Every structure is written in structure tokens, then in C-alpha cells.
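Here the structure is laid out as C-alpha cells; the discussion comes afterwards.
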Amino acid sequence: MAYVVTRLCVDCISTECVDVCPVDCFYKPLSSGGDLPNMLYISPNECIECAACEPACPWEAIFQEGNTPAAAAADIALNKRCDDERDQFETAAYDQKANPDPDQVAANKAKHGM
């Protein structure tokens, strides 16, 4: 089962997951907005299920597909779009940022019902 970036990443993009991914399977939309939220996406066709990304995400936004919270179930299909609509995406690059503090992570989870 591939890993999934959930809505917890929307507008919070940290790329530590991109930095640890051995196969560069993270993408971002060329232009976010509309039906493509400003977040990272994992290609389910390219993900090798190494699990390196999950603990690296400071927003706790990445889950194994089978463990994706019910509140983020639609994000599984959303991630698949980077394979189905590749011309709308580009490979994500690592960009070092300050990590959120625990209160910011908790507030983000509450905002998205997780």
C-alpha cells in the first residue's frame, strides 16, 4: 500500500518528506487552487512503501493508505491525481523551513477534524 499525503499538508507544506524519499515520488501542483489544494502529493505508482516519509513529516500529514483517517479518505484519490494528471504537477523539491511547534500541529489537526 502506498503512502498518502493528507489535507493536513494544505498550506503547511514542509518538505522533510521530500528530502528523505529515496525515489522522488512527491509532487506539487503547477498552480494550486480550485480542485488542486496547495499541498504535496505522493505518486501511488512510484511510492515504494519504504515508510521514510511518514515520521519525517512535521505536520503528521502522511499515512499508509490503509491507515488513512476517515476524515481524510478523499485524499487517497487526490494523491492519485498526480499520476493521472501528471501535466498538472511538478516534482517537489526540498526546501528547508522551520518546523511547526506541537500546538500548531494540534490546531491543524483540529481544523481538519483529525
Side-chain angles (χ1 to χ4, degrees):
M1 262 182 226
Y3 280 77
V4 175
V5 178
T6 64
R7 60 194 69 223
L8 294 174
C9 183
V10 173
D11 296 329
C12 296
I13 299 171
S14 291
T15 56
E16 285 82 352
C17 55
V18 172
D19 190 41
V20 299
C21 180
V23 295
D24 298 328
C25 68
F26 282 87
Y27 292 85
K28 64 180 186 173
L30 291 172
S31 62
S32 58
D35 65 341
L36 282 177
N38 180 33
M39 60 184 264
L40 296 174
Y41 297 73
I42 294 176
S43 163
N45 290 339
E46 297 173 7
C47 177
I48 61 169
E49 303 169 35
C50 70
C53 60
E54 186 178 21
C57 178
W59 290 99
E60 301 174 10
I62 300 174
F63 296 86
Q64 189 174 34
E65 183 177 332
N67 295 331
T68 303
D75 298 337
I76 295 169
L78 190 62
N79 278 253
K80 189 176 180 313
R81 288 182 64 186
C82 73
D83 286 330
D84 296 342
E85 303 169 32
R86 186 56 55 95
D87 62 330
Q88 300 295 315
F89 292 86
E90 64 184 342
T91 303
Y94 176 63
D95 181 26
Q96 188 172 10
K97 291 182 176 180
N99 286 334
D101 64 42
D103 290 337
Q104 290 172 305
V105 173
N108 191 45
K109 286 182 176 181
K111 173 179 150 183
H112 293 288
M114 291 198 248

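Each residue takes its place number in the sequence, starting with 1. Since the structure is predicted, the reported quantities are computational estimates derived from the model, not experimental observations.
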By side-chain contact (heavy atoms from CB on, under 4.5 Å), P102 pairs with (sequence neighbours left out) none
Residues which pass side-chain hydrogen bond (donor to acceptor under 3.5 Å, both in side chains) with D95, listed by chain and number, not counting sequence neighbours
none
If hydrophobic clusters are built from ILVMFWY residues whose side chains come within less than 4.5 Å, do L36 and L40 share one?
yes
Side-chain contact, heavy-atom cut-off 4.5 Å: M39 with L78?
yes
Could you tell me which non-hydrogen atom of P37 sits nearest to which non-hydrogen atom of P29, and how far apart they are?
O-CG, 3.6 Å
Sorted by chain and number, sequence neighbours left out, side-chain hydrogen bond (donor to acceptor under 3.5 Å, both in side chains) with S43 holds for D83
Derivation of the side-chain contact (heavy atoms from CB on, under 4.5 Å) call for T6 and I62
CA-CA 6 Å; T6 64; I62 300 174; over 6 Å; no
Could you check if a side-chain atom of P100 sits within less than 4.5 angstrom of a side-chain atom of P58, using non-hydrogen atoms only?
yes
Residue pairs, two or more places apart or on separate chains, that pass salt bridge (charged side-chain N to carboxylate O under 4.0 Å, His left out) and touch residues 100-111
E60-K109
Quick one: CG on N45 to NZ on K80, what's the gap to the nearest 0.5 Å?
6.5 Å
Salt bridge (charged side-chain N to carboxylate O under 4.0 Å, His left out): pairs with one or both residues in residues 40-56, sequence neighbours excluded:
E46-R86
Of all the heavy-atom pairs spanning V18 and A93, show the shortest one and how long it is.
CG1-C, 3.8 Å
Please, which pairs that meet salt bridge (charged side-chain N to carboxylate O under 4.0 Å, His left out) have at least one residue in residues 20-44, sequence neighbours excluded?
K28-E90, D35-R81
Members other than I76 in its cluster, when Ile, Leu, Val, Met, Phe, Trp, Tyr link by side-chain heavy atoms under 4.5 Å?
V4
Apply side-chain contact (heavy atoms from CB on, under 4.5 Å) to A56 and list each qualifying residue two or more places apart in sequence or on a separate chain.
E16, V20
Which residue pairs pass the ring-ring contact (aromatic ring centres under 6.0 Å, His included) test with at least one member in residues 1-32, sequence neighbours excluded?
none
Please tabulate, one pair per line, all N/O donor-acceptor pairs under 3.5 Å involving side-chain atoms of residues 7-14, not counting sequence neighbours.
from	atom 1	to	atom 2	distance (Å)
R7	NE	A71	O	3.3
R7	NE	D75	OD2	3.2
R7	NH2	D75	OD1	3.1
D11	OD1	N38	ND2	3.1
S14	OG	W59	NE1	3.2

Listed partners of F63 passing ring pair (Phe, Tyr, Trp, His ring centres under 6.0 Å), at least two apart
none
Tell me the ring-ring contact (aromatic ring centres under 6.0 Å, His included) pairs involving residues 74-109, sequence neighbours left out?
Y41-F89
C25 and C47: side-chain contact (heavy atoms from CB on, under 4.5 Å), yes or no, with the steps?
CA-CA 6 Å; C25 68; C47 177; 4.1 Å; yes
